[in-house]
2 protein chains.
Amino acid sequence: MAWTAANSEGYPAPAALRVDVVVLTVREQAPQVLTVGGRALPGGFVGAGEDPADTARRKLREKTGVDRAYLEQLATFARPGRDPRGWVPTVAHLALVPPDTETDDPAAAWVGVDASLAYDHHEIVATAVERVRGKLWWSNVAVGILPGAFPLSDARTVYEAIARITYDPATFARDLKATGLVAPTGERRSEGRGRPAALYRFASERPVWGAGRRKRVAT
Amino acid sequence: MAWTAANSEGYPAPAALRVDVVVLTVREQAPQVLTVGGRALPGGFVGAGEDPADTARRKLREKTGVDRAYLEQLATFARPGRDPRGWVPTVAHLALVPPDTETDDPAAAWVGVDASLAYDHHEIVATAVERVRGKLWWSNVAVGILPGAFPLSDARTVYEAIARITYDPATFARDLKATGLVAPTGERRSEGRGRPAALYRFASERPVWGAGRRKRVAT
DNA sequence: GAAATAGTGTCTGTGAGACAATATTAC
DNA sequence: GTAATATTGTCTCACAGACACTATTTC
């Protein structure tokens, strides 16, 4: 039986308010999202007196241990019938985490962003990917996936996976440096064969808008 | 006394779900929003079994008579304490309407986007203006404000008010035409003195993304 | 005629795409 | 040495900003 609720004025009310989190990273040259039991997005109910953003942070921490991630509100999904439990709108959030993020939950799994998911979660994921793609060259969203020091080739892999396009390595390096979002650490790292790459890091871990590149992404 | 609600499982639930609509246009060379009684945004409660997008359409029609407007979901505001009535999240929507839109409501008024408003509505309006500004040259959002045939000078006024920048008339015309979003109607219209201007219209009334200009807007 | 608005043409600077050439490492 | 990766440099094209100039209207 579906949940119902009524308010003190006697009118029907939402049975609950949810938050679902699209935990996104790039693994194996592809964007992937974290799912928990039954191909659903991690999420939970917003408590009374709780800000949904805090619910999202709480759920992210519970599932991944990640404490400071890039996190933003995505959109609210409240179409009637979307949740079999009843009238349960969900405020979807987007979180970007490093590729090595793991979880205790044995039912959790990383899946590609085109995987079919429970409920309307595939639609939520599609919205999330579009959002990240749109902000890629205009903000430092990628800092969520690359929080520490990284060679520009790693950054290129991340950008390519999200933009669904391949960039010329030289041009990519020139343009990412020109955004001013990244700064060299001064160190180098060798990844097997080849000349060791200089390491960079994002200048700010806080959300920054306005890199201001017009680089192409797939449309 | 604040409203409360509980669901059939015995847990507290939101007292209601609201939709508030930022009805935006450009009047007197400035972006303005429609307010109703007490400097609040028009809005209402989402009925049981209703999609919030439909609630937004319904409210827009009730207040302005506008039936087909550019309408999109903006963001959800659910910070505890934002609504004195109790736990009432609102799914804010953005609607763009023509400047001549009027309303029956005697308490309704068009106000500048920097006017102080009730509740957290100023924050909602600020989010709306940023959203429109970000999409201005990348979509046909402006079709909501300019639904029919218009001279390019009118379009320039709208774009300038939203972008908070002045464009060179010649360059503006060249670049707006180059987006492919507008098409000439073949007609001309004389506005008092001066050479009559050719009229244009947006090629599509439905949302179109991807004009793909890098024109500046104020940041 | 003057004033006002519309529209065309042109020059220039910047940045993105492409890619050649060089540098530094492992083997 | 070769293969592989990193990095620098360069050429070109597209496009935005600026602005001079022409066109068409009202007065």
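All chains are named by letter (A, B, ...) in the order of the sequence lines, taking the proteins before the strands, and each is independently numbered beginning at 1.
Base engagement by B/Ala170 is indicated by at least one non-hydrogen atom pair under 4.0 Å involving a base atom.
Atom-to-atom, CD of B/Glu160 to P of D/dG17 comes out at 12 Å; the value is rounded to the nearest Å. Distance, A/Glu191 CD to D/dA4 C1': 13 Å, rounded to whole Å. The CZ atom of B/Phe150 sits 15 Å away from the C1' atom of C/dA6 (whole-angstrom rounding). Following rounding to the nearest Å, A/Asp154 (CG) and D/dT5 (P) show an atom-to-atom distance of 13 Å. Here D/dT24 presents its P atom at 17 Å from CG of B/Leu199, a figure rounded to the nearest Å. Put simply, CZ on A/Arg195 is 18 Å from C1' on D/dT2, counting in whole angstrom units. Computed from coordinates, the B/Arg189 CZ to C/dA6 P distance equals 12 Å when rounded to whole Å. Atom pair B/Tyr167:OH and D/dA16:P shows a separation of 11 Å (rounding to whole Å applied).
Under the 4.0 Å criterion applied to side-chain N and carboxylate O atoms, A/Glu123 and A/Arg82 are not assigned as salt-bridge partners.
Both B/Gly194 and B/Ala198 lie close to DNA chain C; mapped to their nearest nucleotides by heavy-atom distance, the more 5′-ward contact belongs to B/Gly194.
Residue B/Asp168 places a side-chain atom within donor-acceptor reach of the base of D/dC19, judged by atom type and a 3.5 Å distance cut-off alone. No N or O donor and acceptor, one from the side chain of A/Arg174 and one from the base of D/dG9, sit under 3.5 Å apart. One can find a donor-acceptor pair under 3.5 Å joining the base of D/dA18 and the side-chain atoms of B/Thr171.
Closest contact between the side chain of A/Pro196 and the listed nucleotides C/dT24, C/dT8, D/dA3 involves C/dT24. If you check C/dG7, C/dG17, C/dA3 against the side chain of A/Asp175, the one that comes closest is C/dG17.
Applying the 4.0 Å criterion to OP1 and OP2 of D/dC15, one finds that B/Lys177 has every side-chain N and O outside that range. Regarding contacts with the backbone of D/dT26, every side-chain N or O of B/Ser190 stays at 4.0 angstrom or more from both OP1 and OP2.
Using modelled atom types, one finds no donor on one side chain facing an acceptor on the other under 3.5 Å when comparing B/Gln32 with B/Thr25. In this structure, a donor-acceptor pair under 3.5 Å is present between the side chains of B/Glu50 and B/Thr55.
A cation-pi arrangement is not found for A/Arg156 relative to A/Tyr167, the charged atom failing to lie both closer than 6.0 Å to the ring centre and inside a 45° cone about the ring normal.
Using modelled atom types, no side-chain atom of A/His93 and backbone atom of A/Val21 make a donor-acceptor pair closer than 3.5 Å.
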